4 protein chains.
Amino acid sequence: MTGSTGPRGRIDKRQAILDAAFTVFARRGYAQTCVQEIAEVAGAAKPTVYNHFQDKEALFLEAMAAAGETVMARNLAIVDDIHSPKGDLGPLLERIAHQLAQSCCEERSRALRALTYAEVNHFPNLLETVYGRTANRLAEALAGKLAQLSLAGRLRTCDPAAASEQFLALLTAPMETRSRLGTRKVPAAEAKAVAKTAVDTFLRAYGTTTTNRKAA
Amino acid sequence: MTGSTGPRGRIDKRQAILDAAFTVFARRGYAQTCVQEIAEVAGAAKPTVYNHFQDKEALFLEAMAAAGETVMARNLAIVDDIHSPKGDLGPLLERIAHQLAQSCCEERSRALRALTYAEVNHFPNLLETVYGRTANRLAEALAGKLAQLSLAGRLRTCDPAAASEQFLALLTAPMETRSRLGTRKVPAAEAKAVAKTAVDTFLRAYGTTTTNRKAA
Amino acid sequence: MTGSTGPRGRIDKRQAILDAAFTVFARRGYAQTCVQEIAEVAGAAKPTVYNHFQDKEALFLEAMAAAGETVMARNLAIVDDIHSPKGDLGPLLERIAHQLAQSCCEERSRALRALTYAEVNHFPNLLETVYGRTANRLAEALAGKLAQLSLAGRLRTCDPAAASEQFLALLTAPMETRSRLGTRKVPAAEAKAVAKTAVDTFLRAYGTTTTNRKAA
Amino acid sequence: MTGSTGPRGRIDKRQAILDAAFTVFARRGYAQTCVQEIAEVAGAAKPTVYNHFQDKEALFLEAMAAAGETVMARNLAIVDDIHSPKGDLGPLLERIAHQLAQSCCEERSRALRALTYAEVNHFPNLLETVYGRTANRLAEALAGKLAQLSLAGRLRTCDPAAASEQFLALLTAPMETRSRLGTRKVPAAEAKAVAKTAVDTFLRAYGTTTTNRKAA
DNA sequence: TATGAATGAGCATTCATTCAT
DNA sequence: AATGAATGAATGCTCATTCAT
């Protein structure tokens, strides 16, 4: 017995609306999205949407924040796997890089970026609620890990923030191009190659002799 | 003598509308833009807009293509300045990098990217008419230059396309972050620092001993 | 007690819009009619019109069909009164003719004809949905009655369809002229005279000796 | 020498516009017609139309009047052929009837009727300038001829106006139906049959023994 | 005279939002 | 809480008409 459907129903409905909202916003953009379609996708009536959210703007911001939360959690989990390995650093970083590449190409992630980009003029809050909590947060987490590797002597002494920024740059920018702004699915092999090339360049720039790169 | 203003009126009006259109589309996004505002900014009446362009979509696409043309021309001109210098490669690349960084942060450039990103689902043509003619074209031009440097022994043997892709990645992605998706003007000093760091990493990864980097 | 006004509201509104639509279309013609005026006449807001009908075209077609339905019902009822009388056929036919003359001069009927005539090029469907269900249907019903009279020996043997066609022609065409295409109300006396002359000619052409016309 | 093309050109242009106007008005109806299309069909520019005619309304009225003139002339010519024949009246009337049937089915004629019908509310003048000069005028001319036949003893004593009215009614109303309001071309054979049936009924009602009908 | 260009006014249609149930 | 119905406010687009050449 899961209990009465009363309070549970509400929560589910609210969540369903949030999910539907992000889906439709992602598909059409903010202005082209009509609340009617969100309601339909959520399996609710239009007024129900307004019972849960103040208006279209609020719904958009909440849906974006929620999606940002999800994306960030996944990315942080990936980065959190970084540790100072006993052997080569390369394979570890490549695995991480590949996972991040996959993650940033996934639909929700792409939509989040596109919507933020498109609407940041109209909703400056997105910078904090979304960008700050995803891109920035990820860069910080990665910087932390890189600092540890640096202290452990596995990377040369450097500004971890800059290193993190460049690691992500070498990863995300090429993936963006390869996916044609997200309109094309990047084959796993290509994503792996991008990750490998990124790590290769990264280690050439930031590695130490103890990094034990193959090339060394 | 600039000639009579007679026939000029037409061309100027059309151009004025195109310019106004890009300005307003950049400010508001495609759907939030109303033709009325474009007309006002262009100093014309609404029907005049429709005399020159089929409809809002066509106007958007033409305005985007024109802006893409402009942006591309500037970027290509910057890259075209690359040559095999007698002395250090570093200063040359840093100058190029700085100019590109400035260029990609400039308003038109940013708006073009944001609008393409936001509307590529609705107007798949943008991929060709805008993205292909700006980002891709720039990457190709840079790859050509890097290939020459490689042949000249100033860069290690490498895949010039990959090198180009990474050079641009190290430049544009950090600038994107620093400018907070274009909502903040990046100080010249910061842009210069980004350029320097990018070139530093690039040369560590792709330079040769004859590159004569300071660090060497 | 007519019951709660709750669910009625919907049906009434829709009907009110249909009625208003026909009124305004009749007054102005299809293209000159603006939905705004229909809404006003119906006591509704413009979007309400669009909640009930797909678009202006659909509204027009439904309003025409509904009006056709009404007109047809009345005309069929009139014709249905024809029977084989014991005495003279003349008075009966004259009564019927007079009623039909009145009916086809009435505003709704005239408007239906005029609108069908005017828009049949743009809405070929009108031929079926309106013309077929009014003019044609009436002619068929009358033909049936005339066939019965013929079998009863009250009319000479003839093609009932042709007789029906001519009976109606003798009635409607003159009424059309007399009413100046519907811009003038035909006095009852004049309508009666038209009916009488029509029946007179009809019986001269189709009557038998047992018809017992005065002239006989 | 036909002289300079100056004044001639103007006249031709004006006529071309009038013709084009009627063509397009007939095709689309008054309100749906845009001056642009008239200009195109006439091979002129829009302002040229306004150089010749005050505005759209004036153009419409003139085009209608001109078309009415043409139609009337043809119909009067047909009726004018009626004379008191030596032999049977039937064949003569049938020939006349057939010609009138053809004439009233012809495109210009139909369009004139439909447009008058549709716009008589908006342009009451049409009643005089068009209807009066076509339908009424035709009925009068025919009445004159029938009066002569009556005096000549070839038709029974009667009200010639009523006889004329009914003759035309028996002709035009069925043709209207058969042509599905002008959307279908009535085959010559069918038109001939309608004419024959009309004349048959007419002579049964208005003929005399000297009419020498076959049936007699 | 004829015309390319420009415009004021208007209209169908959509949509976010609110009532009444 | 959820919804069918209703609406005020926009917005894209068209068209009759007028300038300026």
Side-chain angles (χ1 to χ4, degrees), chain A residues 5-7 9-11 13-14 17 31-39 43-57 59, chain B residues 4-7 9-14 17 31-39 42-57 59, chain C residues 4-7 9-14 17 31-39 42-57 59, chain D residues 5-7 9-10 13-14 31-39 43-57 59:
Chain A
T5 59
R10 263 174 69 193
I11 293 175
K13 206 73 164 182
R14 184 188 165 89
I17 292 173
Q32 289 98 328
T33 292
C34 71
V35 177
Q36 172 68 32
E37 186 174 359
I38 294 176
K46 236 190 311 181
T48 304
V49 174
Y50 284 91
N51 284 340
H52 286 283
F53 302 92
Q54 186 60 230
D55 55 16
K56 192 185 175 186
E57 297 200 356
L59 174 56
Chain B
S4 72
T5 59
R10 274 169 59 188
I11 293 174
D12 285 346
K13 206 71 164 184
R14 184 188 164 88
I17 292 172
Q32 290 97 330
T33 292
C34 73
V35 176
Q36 171 67 31
E37 185 174 0
I38 293 176
K46 227 189 317 180
T48 304
V49 174
Y50 285 93
N51 282 342
H52 286 282
F53 302 91
Q54 186 63 228
D55 54 15
K56 193 186 174 186
E57 296 200 357
L59 175 56
Chain C
S4 73
T5 59
R10 275 168 61 189
I11 294 175
D12 286 356
K13 206 71 163 185
R14 185 190 164 87
I17 292 173
Q32 290 97 329
T33 292
C34 72
V35 176
Q36 172 67 33
E37 186 174 359
I38 292 175
K46 229 190 314 180
T48 304
V49 174
Y50 285 91
N51 281 342
H52 285 282
F53 302 92
Q54 186 63 230
D55 54 16
K56 192 185 173 186
E57 296 200 356
L59 175 55
Chain D
T5 59
R10 263 172 69 192
K13 205 70 162 185
R14 184 188 164 87
Q32 290 97 328
T33 292
C34 71
V35 176
Q36 172 67 31
E37 186 175 359
I38 293 176
K46 234 190 314 181
T48 305
V49 174
Y50 284 90
N51 283 340
H52 286 283
F53 301 93
Q54 187 59 233
D55 55 15
K56 193 187 175 186
E57 297 201 354
L59 174 55

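So that the names make sense, note that chain A is the first sequence line, chain B the second, and so on, each numbered from 1. Fair warning: this is a prediction, and the values are worked out from it, not measured in the lab.
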To the nearest 0.5 Å, tell me how far Q32(D) CD sits from Q32(C) CD. 7.0 Å
Dot-bracket for DNA chain F, 5' to 3', counting Watson-Crick or G-U wobble pairs under 3.5 Å, with [ ] for crossing pairs and | for inter-strand pairs? .||||||||||||||||||||
When rounded to the nearest 0.5 angstrom, what is the spacing between OG1 in T48(C) and CZ in F53(C)? 11.5 Å
Nearest to the side chain of Y50(C), heavy atoms from C-beta on, is which of dT14(E), dG12(F), dG4(F)? dT14(E)
Roughly, in whole Å, what's the span from CZ in R14(D) to P in dT1(E)? 13 Å
Out of dT3(E), dG12(F), dT17(E), minimum distance to the side chain of C34(B) belongs to dG12(F)
Toward the 5' end of DNA chain E, by each residue's nearest nucleotide, P47(D) or D55(A): P47(D)
F53(D) atom CZ is separated from dT17(F) atom C1', nearest whole Å, by 16 Å
Sorted by position of nearest nucleotide on DNA chain F, 5' first, the leading residue of T48(C) and V35(B) is T48(C)
Once you round to the nearest 0.5 Å, how far does OG1 of T33(B) lie from NZ of K56(B)? 6.0 Å
Write down the distance between NZ (K56(B)) and P (dT14(F)), rounded to a whole number of angstrom. 14 Å
Could you tell me whether a side-chain N or O of K13(C) sits under 3.5 Å from a main-chain N or O of V49(C), the two making a donor and an acceptor? no
Round to the nearest Å and state the distance from E57(C) atom CD to dT13(E) atom C1'. 13 Å
Between CD of Q54(D) and C1' of dT18(F) the distance, given in whole Å, is 12 Å
Please tell me which of V49(D) and K46(C) maps to the more 5' nucleotide of DNA chain E, matching each residue to the nucleotide holding its nearest heavy atom. V49(D)
I want to check one thing: is the phosphate of dT1(E), taken as OP1 and OP2, less than 4.0 Å away from some side-chain N or O of H52(D)? no
Measuring from atom CG of N51(B) to atom CD1 of I17(B), what distance do you get when rounded to the nearest 0.5 angstrom? 8.5 Å
With sequence neighbours excluded, residues passing side-chain hydrogen bond (donor to acceptor under 3.5 Å, both in side chains) with Q36(B): E40(B)
Show the numbers, then the answer: is there a side-chain contact (heavy atoms from CB on, under 4.5 Å) between L59(B) and Y50(B)? CA-CA 9 Å; L59(B) 175 56; Y50(B) 285 93; over 6 Å; no
Over how many whole Å does the gap from Q32(C) atom CD to dA9(E) atom P extend? 21 Å
Quiz question: going by heavy-atom distance under 3.5 Å, is there a donor-acceptor pair between the base of dA1(F) and the side chain of N51(A)? no
Rounded distance in Å - CG (L59(B)) to P (dC13(F)): 10 Å
Let me know the distance between CD of Q36(B) and C1' of dG12(F), rounded to the nearest Å. 11 Å
